[in-house]
Amino acid sequence: MQLENFRISELNKKYLAEHQRRFEFIASTVKDVNGVLQKLVDFQIAIPSWALGTGSTRFGRFPGGGEPRSLEEKITDIGLLHKLNNSSGAISLHIPWDIPSNADNIRALAAQNGLRFDAMNSNTFQDQPKQKLSYKFGSMQHVDKAVRKQAVEHNIEVIKYGVELGSNSLTVWLSDGSSFPGQLNFRKAFQNTLESLQLVYQALPEDWKVFIEYKAFEPNFYSTTVSDWGQSYLYAEKLGPKAYTLVDLGHHLPNANIEQIVSLLLMEERLGGFHFNDSKYSDDDLTVGSINPYQLFLIFKELVEGMDARRMNHASDLGWMIDASHNVKDPLEDLLQSVEAIMVAYAQALLVDYRSLEEAQVDNDVVRAQEILQTAFRADVRPLVAEARLKGGGALEPLKVFRELKVRENLIKERGLKAVAIGL
Ligand code: RM4
Ligand code: MN
Ligand code: MN
């Protein structure tokens with residue numbers, strides 16, 4: 001399915017008068033509106049290839065139809081999102097779910113859709129049909145050297161695909177760990193994992209980064225070999241300057257202060273990238289901003305402040321990605337909501353009066369500090385985000401346009417009701 005620009009601009013006309021009224025109001029309160037708008041235009045969030053189909057739980061899956069059946073169709077879907085919101089200009093692939101049969105063609109198709117390839121993801125948490133050795137008891141931590149070697153070789157293969165596609169980073173998330181006390185020697189598991197990661201690190205091209213993603217628990221329930229930011233940081237430190245920690249918002253124990261983690265990792269130059277999602281309990285992978293938008297704002301506030309302190313480029317110096325998927329919404333509508341929530345939190349963080357906040361901190365004026373943060377958080381910045389979309393040729397109201405142009409219905413017509421995406 002193609003979304004023609006003229007249809008989007010036609011629909012934009014319908015919403016323009018109301019948008020302008022709301023935009024002028026917020027714009028009059030912002031110091032450097034054009035600067036803020038430019039930052040919003042530049043900010044792109046990568047879409048994971050595995051979130052385009054209905055996510056399943058271990059109890060079942062309820063696909064809604066028209067899901068992408070191939071890598072080409074996944075790229076087309078993200079192209080549709082990007083056409084609408086102008087903020088989803090990248091795709092993150094998971095190997096072996098998304099092995100490109102012809103890298104040149106895939107690259108060309110992505111370029112036609114205005115997309116680049118973000119981090120590549122390896123998968124040593126599942127056994128594949130033709131795989132020789134099993135990951136049942138771990139991959140990079142495994143007691144058997146041959147299993148570790150297989151996991152390392154898989155990661156090197158993923159890098160190779162990434163190079164062909166023009167990606168420049170690898171995300172390693174390991175499900176390695178143990179489900180019962182006594183199952184594992186923690187030190188040996190760490191050492192084995194480190195050695196395996198070192199071999200992968202040695203295979204990284206000059207301009208590549210490797211992201212070590214941590215997760216508190218699941219699928220293992222007693223210990224996880226990369227379970228928190230401290231452990232990820234330890235691996236990154238031991239690996240070298242191309243290794244960074246990746247923060248997935250759903251991978252913490254309840255009530256963890258994620259914004260503080262982010263702030264310190266950034267200060268130590270070890271924060272590499274993000275997986276955005278929201279959660280009530282743990283790795284729920286719910287729509288970004290659907291449960292706790294204030295936390296998301298506080299995280300962005302640390303990001304903006306911390307990146308500015310190091311004069312980093314907000315758009316390009318960290319890897320920004322969504323990692324969400326669930327059972328009940330149309331995946332594309334869900335992703336539009338997630339991207340919007342990220343853009344809103346980022347815009348709010350750009351509006352924080354950092355100078356006054358610093359003064360309040362120096363004066364120990366706790367009340368004022370809270371007022372400053374909440375003034376930014378409670379501002380309705382949606383018209384700023386919409387204006388940035390409009391500037392880039394996107395839709396003022398992406399979700400409404402998605403429905404008005406019957407995108408899902410068209411995809412079902414093209415691909416059928418039974419089309420199910422490959423992945424989790
Ligand atoms: C994990 C983790 C990884 C993702 C897999 C599918 O929980 O979040 O980033 O690649 O799920
Ligand atoms: Mn993740
Ligand atoms: Mn996860």
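Small disclaimer: the values here were computed from a predicted structure and weren't measured. Atom set for the values below is all heavy atoms of this structure, side chains included, hydrogens, waters and symmetry mates excluded.
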Ignoring hydrogens and angles, write down the donor-acceptor pairs under 3.5 Å from the side chains of residues 25-37, residues two or more places apart or on other chains.
residue : atom : partner : partner atom : Å
S28     : OG   : F25     : O            : 2.6
T29     : OG1  : I26     : O            : 2.7
D32     : OD1  : G35     : N            : 3.0

Crowded around R382 CZ? As in, over 12 foreign heavy atoms under 6.0 Å?
no
Flag if over 12 foreign heavy atoms under 6.0 Å of CD, Q2:
no
Under the ring pair (Phe, Tyr, Trp, His ring centres under 6.0 Å) rule, collect the residues that match up with F117, sequence neighbours excluded.
none
What pairs with Y233 under ring pair (Phe, Tyr, Trp, His ring centres under 6.0 Å), at least two apart in sequence or on another chain?
none
Residues which pass salt bridge (charged side-chain N to carboxylate O under 4.0 Å, His left out) with R7, listed by chain and number, not counting sequence neighbours:
none
Strictly distance-based, threshold 3.5 Å: is any side-chain N or O of [X] a donor or acceptor partner for the main-chain N or O of [Y]?
X	Y	value
R116	A90	no
S196	V152	no
N277	G250	yes
N5	G393	no
N85	G394	no
H251	Y214	yes
E213	L246	no
S178	Y222	no
N220	S223	no

Could you walk me through whether Q198 and L239 pass side chain to side chain contact (heavy atoms under 4.5 Å, CB included), step by step?
CA-CA 6 Å; Q198 273 161 343; L239 285 170; 3.6 Å; yes
Report yes if the side chains of I159 and M120 come closer than 4.5 Å at any heavy-atom pair, otherwise no.
no
Measuring only between side-chain heavy atoms, which start at C-beta, is S122 closer than 4.5 Å to I95?
no
Under 3.5 Å, which donor-acceptor pairs do the side chains of residues 292-307 form with other protein atoms, sequence neighbours left out?
residue : atom : partner : partner atom : Å
N292    : OD1  : Q295    : N            : 3.3
Y294    : OH   : Q374    : NE2          : 3.4

What I want to check is whether the side chains of [X] and [Y] have a donor and an acceptor closer together than 3.5 Å.
X	Y	answer
E67	T54	yes
W50	D323	yes
E157	Y161	yes
D228	H252	no

Shortest non-hydrogen contact between [X] and [Y], atoms and distance:
X	Y	value
P331	G53	CG-C, 3.6 Å
M140	D176	N-OD2, 3.0 Å
G289	A341	CA-CB, 4.1 Å
S88	L81	OG-CB, 4.2 Å
D380	P383	O-CD, 3.4 Å
A216	T224	O-OG1, 3.2 Å

With a cut-off of 3.5 Å and sequence neighbours excluded, list every side-chain donor-acceptor pair involving residues 201-209.
residue : atom : partner : partner atom : Å
Y201    : OH   : K242    : N            : 2.8
W208    : NE1  : S167    : O            : 3.2

Assess whether a salt bridge exists between E404 and K400, defined as any Lys/Arg side-chain N lying under 4.0 Å from an Asp/Glu carboxylate O.
no
Tell me, please, which residues at least two apart from N123 pass side-chain contact (heavy atoms from CB on, under 4.5 Å).
H94, P96, W97, F125, Q126, Q128, H154
Checking E18 now: which residues fulfil side-chain contact (heavy atoms from CB on, under 4.5 Å) with it, not counting sequence neighbours?
R21, R22
Using the ring of each side chain (for Trp, its six-membered ring), is F274 parallel, tilted or perpendicular to F276, with breaks at 30° and 60°?
parallel
Does any pair with a residue in residues 259-274 pass side-chain hydrogen bond (donor to acceptor under 3.5 Å, both in side chains), and if so which ones, sequence neighbours excluded?
E237-R270
Would you mind listing every salt bridge (Lys or Arg N to Asp or Glu O under 4.0 Å) that reaches into [range], with sequence neighbours excluded?
range	answer
residues 275-289	K215-D283
residues 90-112	K74-D98
residues 349-366	E359-R368

From CA spacing to verdict: salt bridge (charged side-chain N to carboxylate O under 4.0 Å, His left out), E333, R408:
CA-CA 9 Å; E333 292 193 351; R408 179 56 63 189; over 6 Å; no
